[in-house]
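Each remark here refers to the structure printed beneath this line.
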Amino acid sequence: MCQSTEIMDKNFNFAQAEGRIYAQWEKSGLFTPDPDSPGQPFVIVIPPPNVTGNLHMGHALDNTLQDILIRYHRMKGDNTLWVPGTDHAGIATQAVVERALAREGIKREDLGRQKFVERVWQWKKEYGGNIVRQLRRLGASCDWSRERFTLDEGLSKAVREVFVRLYEEDLIYLGDYIINWCPHCRTALADIEVEHQDQADSLYYIRYRAEGSRESLVVATTRPETMFGDTAVAVHPADERFKAYIGQQVTIPLTSKSIPVIGDEYVDLEFGTGALKVTPAHDPNDFQIGLRHSLPQVTCIDLEGILTEAAGRYHGRERFEARAAIISDLEKEELLVKVEPLTHAVGVCYRCRTVIEPLISKQWFVRTAPLAKVASEAVKEGKTSFIPAQWEKTYFDWMDNIRDWCISRQLWWGHRIPAWYCQSCGRTVVARVDPDKCPHCSGPLEQDPDVLDTWFSSGLWPFSTLGWPDETKDLARYYPTTVLVTGFDIIFFWVARMMMMSLKMMGQAPFRTVVLHPLVRDAQGQKMSKSKGNVIDPLGVIDLYGADAFRFTLASQAGQSRDLKLATSRVAGYGKFVNKIWNAARFTLANLSDEILSEPREPVSLPDRWIRTRLDETAAECRAYLEAFAFDRLAGTVYHFIWDEFCDWYLELIKPILFGPDPAAIMAVRQNLLTSLAVILKLLHPIMPFVTEEIWSKIPGRTGCLMTKAYPGGQKPREDSRALEQIGFLMDITRAVRSARADFRVPPSEKLTARIKTEDPDLLKVLAEYSPLLVRLMGVQEIAQAEPEAQKPREAAFSVLSWGEVWIPLAGHIDLKVEKARLTKEAEQLRKDIGQANGKLANPDYVAKAPPEVVEETRERLSDLEKRLSAVGRSLETLASMS
RNA sequence: AGGCGUGUAGCUCAGGGGGAGAGCACUACCCUGACACGGUAGUGGUCAAGAGUUCAAAUCUCUUCACGCCUACCA
């Protein structure tokens with residue numbers, strides 16, 4: 001050994017190394033591409049995490065996969081850009097700051113809008129960098145010099161430009177509509193911000209008395225408190241039971257208010273009583289019915305969930321409290337016919353889970369139909385494709401059934417809507433530059449108090465981050481982006497919006513490929529979320545096992561399935577893999593000589609030829625998997641290659657040479673060993689950047705960072721099928737000896753001999769050359785060719801391989817009973833397999849219809865099995881004769 | 001209610017018409033000059049159930065069961 005192993009510790013100290021390595025990368029500026037440099041652009045924009053957030057498993061997976069792609073393409077020589085940034089997350093951030101204020105006993109109203117927004121900015125400045133710092137711990141190689149925030153100056157300019165353009169094209173409008181109102185967050189919500197939860201509730205049957213007769217109609221409702229907003233009772237026009245009521249008046253119970261009975265086909269004859277109370281101001285369906293029948297809209301619940309004056313004596317009471325009171329009063333008046341239990345879906349706020357109150361309100365909307373049509377076509381025409389492709393259907397379903405998008409939010413934190421209302425002429429002014437008076441009448445203006453939905457600005461992310469609406473160099477060079485990597489849970493929220501907005505504003509789809517990865521779930525298969533409190537902290541996992549092991553685990557699990565239930569045992573397992581690589585490198589570096597051979601040479605020895613061939617094959621596979629976004633296959637391939645082939649076989653095979661007497665052979669092997677290690681480090685680097693970079697830094701004579709070295713597999717792979725075959729032969733022999741030793745409990749101290757019987761002259765040559773190597777490898781005494789006419793010794797273990805037999809004389813070691821049991825079991829299995837193969841071949845349909853190569857394969861297999869069985873049989877006979 | 005997905009070794013998951021796989025766990029032996037976070041040899045599964053298509057089904061089709069997700073206006 002020329003250098004001691006002391007140049008490397010026994011284990012990779014990831015805790016000590018990761019921060020140092022990341023700082024070096026960042027300092028070197030290697031994350032920052034130059035738009036003027038050559039190279040095909042490869043661009044990813046990060047799904048911007050909420051500024052309020054901390055790194056969770058979803059981010060970890062998302063960003064690991066992105067970093068793998070980014071690092072791979074950077075190594076490939078592409079002009080590679082990964083744009084990072086954060087989202088201002090309107091409701092979420094405002095809520096966080098409001099909570100902080102509440103601890104000081106302050107409400108946002110106490111501060112006023114301007115002061116409050118200042119406080120949020122202050123908060124953002126202080127804590128908003130958390131998640132961005134945490135991404136660094138993962139090893140994410142984002143170009144931090146291009147970091148953006150959805151509320152920064154440039155992006156705000158983009159938001160304003162888009163709003164004005166869409167307004168000018170009549171794609172944004174202001175309308176009185178029924179919207180989803182969260183009484184807790186006090187804001188409107190888009191349809192997809194409403195989650196539906198099954199809830200056990202009651203269905204109340206309430207009697208509405210007809211006027212001028214003793215008859216009555218019974219309606220069923222889950223929400224009696226909306227009664228005071230009723231402006232009709234609807235029945236199906238074809239319903240024989242109630243036809244006669246249409247046109248009559250009924251009285252709302254507990255009031256003296258009279259409403260008409262109308263006929264509308266929306267009513268389901270089967271549900272409840274077949275009569276429906278219509279509350280246009282508090283139910284989206286009733287709203288539609290109301291429009292059809294020109295019914296008045298009576299609001300009986302206000303923005304805070306409190307009943308209004310329209311509710312008469314219930315005025316001022318909270319909606320659910322009022323419900324109980326109303327039920328009790330109805331009972332007293334004998335107007336409550338019955339109560340049935342009912343489980344139904346209730347809409348709740350996705351943020352605070354408060355039950356949504358549908359309300360009529362003036363809000364801004366995007367007319368989505370024309371945008372969605374273009375966005376849908378872009379995917380149909382293959383301009384953007386989804387991986388896995390099944391998600392395209394989900395995307396189409398939504399695009400085809402899209403409804404107008406309510407974009408105004410009654411918050412203070414966000415992009416203020418650039419609309420002003422003239423206080424004298426009443427006109428609405430939408431402008432790129434804040435106007436100071438009405439352009440029509442010069443009257444005073446008042447700006448709309450609302451802000452835009454957060455997703456409005458994130459919908460512009462692929463082009464706003466590159467500088468749009470200015471015609472920047474980045475925009476010209478890097479738009480459209482190449483790949484979007486995200487979870488399928490935000491296809492509607494985000495992907496669809498980016499498609500619509502980008503196509504509208506840029507005329508080009510924002511990315512070529514959308515890679516949808518699984519969602520990381522907890523042990524129960526539940527989506528991890530802060531509000532559920534079931535979050536496993538990725539930083540804790542990194543602390544324990546290191547970023548490389550964690551990244552590798554995520555990649556290895558990122559297949560086609562929708563769930564990724566993270567098991568820490570796997571992370572621990574891949575932590576061992578990191579250690580394995582580390583020690584393989586330690587071995588390699590410890591065996592280098594002082595004279596560094598800088599130029600890779602052609603491999604000479606059989607192990608070298610073999611490993612280099614396998615290395616080329618593996619590199620080609622890795623490239624193919626990376627191009628196909630098959631992260632799990634990529635991980636599996638490098639894992640097995642490094643562990644099973646490089647470490648378990650190659651390193652063992654070369655030891656006899658490395659520690660042998662031939663200086664030229666030693667030099668050749670050292671050279672090849674180092675070359676192979678370098679290729680392995682490069683192959684692995686995109687998944688495990690830290691340990692590979694750290695090992696690279698210890699290679700004498702290396703230059704620069706590993707992260708910029710060319711990814712292997714760019715050239716035509718070497719083909720050396722003879723090396724593969726011959727190594728296979730040596731492996732067969734080795735396994736046979738090891739197996740015999742284990743089966744017969746021969747202690748390692750006792751040396752065995754082995755006899756090889758084969759008629760293949762090629763293999764005999766290999767055997768002659770490598771028997772010293774095998775002797776060393778297996779701890780056998782001697783290994784040699786068996787005489788062609790020799791018989792197997794009576795007491796011997798043996799293996800039958802495709803190319804011949806291995807005999808291991810075991811005089812004194814054979815336990816007849818054990819051996820007999822072993823052989824009997826083997827014979828049994830062989831007979832079963834032979835029976836199966838025979839059965840197939842005896843079937844004329846099989847021979848006639850199965851592909852010829854499959855039939856041929858079966859024939860070969862059968863003859864191999866028969867050869868083995870007969871050898872096993874002979875051996876059993878010998879055993880019998882001995883006892 | 002529709003749509004989508006999942007059910008394979010004790011656990012977490014690959015595979016996807018022709019000999020059941022991986023990691024972890026487990027058993028036995030071994031601290032052999034990179035690694036005991038290691039090595040070697042093993043144990044372990046009627047691939048959810050039933051039917052069909054096929055020469056051949058874990059794999060394709062249908063049905064059923066269980067679980068999960070998404071969409072939806074059944075009050």
Side-chain angles (χ1 to χ4, degrees), chain A residues 1 5 8 10-12 191-192 196 203 219-223 226 234 266-268 270-273 275-279 283-288 342 344-345 347 358 390-391 393-394 397-398 401 488-489 491-492 519 521 523-527 553 556-557 559-570 572-591 632-633 636 639-640 647-648 651-652 655 658-659 734-735 738-743 745-748 776-779 833 836-837 840 843-851 854-855 857-858 861 865:
Chain A
M1 205 175 299
T5 49
M8 284 172 81
K10 209 164 170 181
N11 305 113
F12 174 48
D191 291 329
I192 54 172
H196 296 271
L203 185 61
V219 305
T221 180
T222 52
R223 303 202 54 201
T226 64
Y266 167 77
V267 179
D268 181 347
E270 307 294 321
F271 191 88
T273 59
L276 169 74
K277 65 191 235 12
V278 182
T279 321
D283 184 285
N285 306 306
D286 294 5
F287 180 79
Q288 296 298 333
L342 176 78
H344 63 150
Q390 65 195 49
W391 292 113
K393 184 173 156 39
T394 309
D397 281 351
W398 195 65
N401 299 303
F488 58 80
D489 55 331
I491 291 176
F492 303 147
L519 296 186
R521 297 182 188 278
Q524 282 72 45
Q526 293 275 306
K527 188 172 160 182
T553 309
S556 74
Q557 305 266 78
Q560 302 282 297
S561 98
R562 296 164 48 136
D563 296 348
L564 193 162
K565 281 191 237 168
L566 193 81
T568 46
S569 63
R570 261 188 195 260
Y574 291 124
K576 293 180 180 180
F577 180 51
V578 172
N579 185 244
K580 190 74 182 172
I581 297 155
W582 180 260
N583 276 285
R586 189 163 167 255
F587 175 79
T588 302
L589 298 185
N591 282 290
D632 53 337
R633 308 285 187 106
Y639 182 92
H640 289 292
C647 292
D648 285 353
L651 292 184
E652 297 306 324
K655 278 178 186 173
L658 225 36
F659 305 141
T734 308
R735 288 197 190 101
R738 285 170 176 170
S739 186
R741 189 183 281 283
D743 283 345
R745 316 270 147 145
V746 183
R776 173 155 185 135
L777 192 57
M778 296 176 287
D833 292 347
Q836 218 174 41
K840 277 186 181 177
N843 180 345
D845 283 334
Y846 173 73
V847 180
K849 293 183 184 171
V854 171
V855 178
E857 223 179 275
T858 308
R861 178 158 179 260
L865 289 169

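Chain letters run A, B, ... following the sequence lines, proteins first, then strands; residues in each count from 1. Because only heavy atoms are used, hydrogens play no part in the values below, and waters and symmetry mates are left out as well, while side chains stay in.
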Nearest-Å distance for atom pair [atom1]/[atom2], residues [X] and [N]:
X: A:Arg586; N: B:A36; atom1: CZ; atom2: C1'; answer: 13 Å
X: A:Arg745; N: B:G42; atom1: CZ; atom2: C1'; answer: 10 Å
X: A:Gln390; N: B:G3; atom1: CD; atom2: C1'; answer: 12 Å
X: A:Asn583; N: B:G33; atom1: CG; atom2: P; answer: 14 Å
X: A:Arg741; N: B:U32; atom1: CZ; atom2: P; answer: 15 Å
X: A:Phe488; N: B:G3; atom1: CZ; atom2: C1'; answer: 14 Å

Inter-nucleotide [atom1] distance ([N], [M]), Å rounded:
N: B:A28; M: B:A36; atom1: C1'; result: 16 Å
N: B:A22; M: B:A41; atom1: P; result: 13 Å
N: B:G39; M: B:A25; atom1: P; result: 12 Å
N: B:G18; M: B:G23; atom1: P; result: 22 Å
N: B:A58; M: B:U43; atom1: P; result: 22 Å
N: B:C73; M: B:U64; atom1: P; result: 27 Å
N: B:U27; M: B:U32; atom1: C1'; result: 22 Å
N: B:A20; M: B:A57; atom1: P; result: 13 Å

Practice item. Would you check, one step at a time, whether the test side-chain contact (heavy atoms from CB on, under 4.5 Å) holds for A:Phe271 with A:Leu276? Key: CA-CA 9 Å; A:Phe271 191 88; A:Leu276 169 74; over 6 Å; no
**Study point:** Sugar-phosphate only, base, or nothing, as touched by A:Leu651 at under 4.0 Å among non-hydrogen atoms
**Key:** base
Practice item. Report which part of the nucleic acid A:Asn401 touches: base, sugar-phosphate, or nothing (heavy-atom distance under 4.0 Å, all strands). Key: nothing
**Study point:** From CA spacing to verdict: side-chain contact (heavy atoms from CB on, under 4.5 Å), A:Asp489, A:Leu519
**Key:** CA-CA 8 Å; A:Asp489 55 331; A:Leu519 296 186; 3.5 Å; yes
Review point. Do the side chain of A:Asn583 and the main chain of A:Lys10 share a donor and acceptor less than 3.5 angstrom apart?
Key: yes
Check your understanding: Can you tell me if A:Asp632 uses its side chain to pair, donor with acceptor, with the backbone of A:Ser556 under 3.5 Å?
Key -> no
**Study point:** Each stem that RNA chain B is part of, given as range with range (3 or more consecutive Watson-Crick or G-U pairs, under 3.5 Å)
**Key:** B:1-7 with B:65-71, B:10-13 with B:21-24, B:26-30 with B:38-42, B:48-52 with B:60-64
Review point. Do A:Ile491 and A:Trp398 have side-chain heavy atoms sitting under 4.5 Å apart?
Key: no
Point to revise | Any A:Asp283 side-chain heavy atom under 4.5 Å of A:Val278 side chain | key: no
Check your understanding: Any side-chain N or O of A:Lys393 under 4.0 Å from OP1/OP2 of B:C70?
Key -> no
**Study point:** A:Ser739 side chain near B:G42 phosphate (N/O to OP1/OP2, under 4.0 Å)
**Key:** yes
Review point. Is A:Phe659 stacked on the base of B:G33, meaning ring centres closer than 5.5 Å and planes within 30 degrees of each other?
Key: yes
**Study point:** B/S/- contact track for nucleotides 15-24 of chain B, protein heavy atom under 4.0 Å
**Key:** SS-BB--BSS
Point to revise | Nucleotide of B:U12, B:A34, B:A41 approaching A:Gln557 most closely (side-chain heavy atoms) | key: B:U12
Revision key, fill the gap. With the side chain defined as heavy atoms from C-beta on, A:Glu652 is closest, among B:C4, B:A36, B:A34, to B:A34
What's touching nucleotides 71-75 of chain B from the protein side, N or O pairs under 3.5 Å?
unit_1 : atom_1 : unit_2   : atom_2 : d
B:C73  : OP1    : A:Arg403 : NH2    : 3.4
B:C73  : O4'    : A:Asn285 : OD1    : 3.1
B:C73  : O4'    : A:Asn285 : ND2    : 3.3
B:C73  : O2'    : A:Asn285 : ND2    : 2.9
B:C73  : N1     : A:Asn285 : OD1    : 3.0
B:C73  : O2     : A:Tyr266 : OH     : 2.9
B:C74  : O2     : A:Asp268 : OD2    : 2.3
B:C74  : N3     : A:Asp268 : OD2    : 3.1
B:A75  : N6     : A:Asp268 : O      : 2.9
B:A75  : N6     : A:Phe271 : O      : 2.7
B:A75  : N1     : A:Asp268 : N      : 3.3

Check your understanding: Do A:Asp833 and A:Arg861 sit within salt-bridge range, that is, some charged N less than 4.0 Å from a carboxylate O?
Key -> yes
Check your understanding: With no angle test and no hydrogens, is the base of B:C35 tied to the side chain of A:Lys580 by a donor-acceptor pair under 3.5 Å?
Key -> yes
Review point. Under the 6.0 Å and 45° cation-pi test, does A:Lys655 pair with A:Phe587?
Key: yes
**Study point:** Given RNA chain B, 5'-ward residue of the pair A:Lys10 and A:Asp845, judged by closest heavy atom
**Key:** A:Lys10
Practice item. Take A:Phe492 and A:Thr394 through the side-chain contact (heavy atoms from CB on, under 4.5 Å) test and state the conclusion after the steps. Key: CA-CA 9 Å; A:Phe492 303 147; A:Thr394 309; 3.6 Å; yes
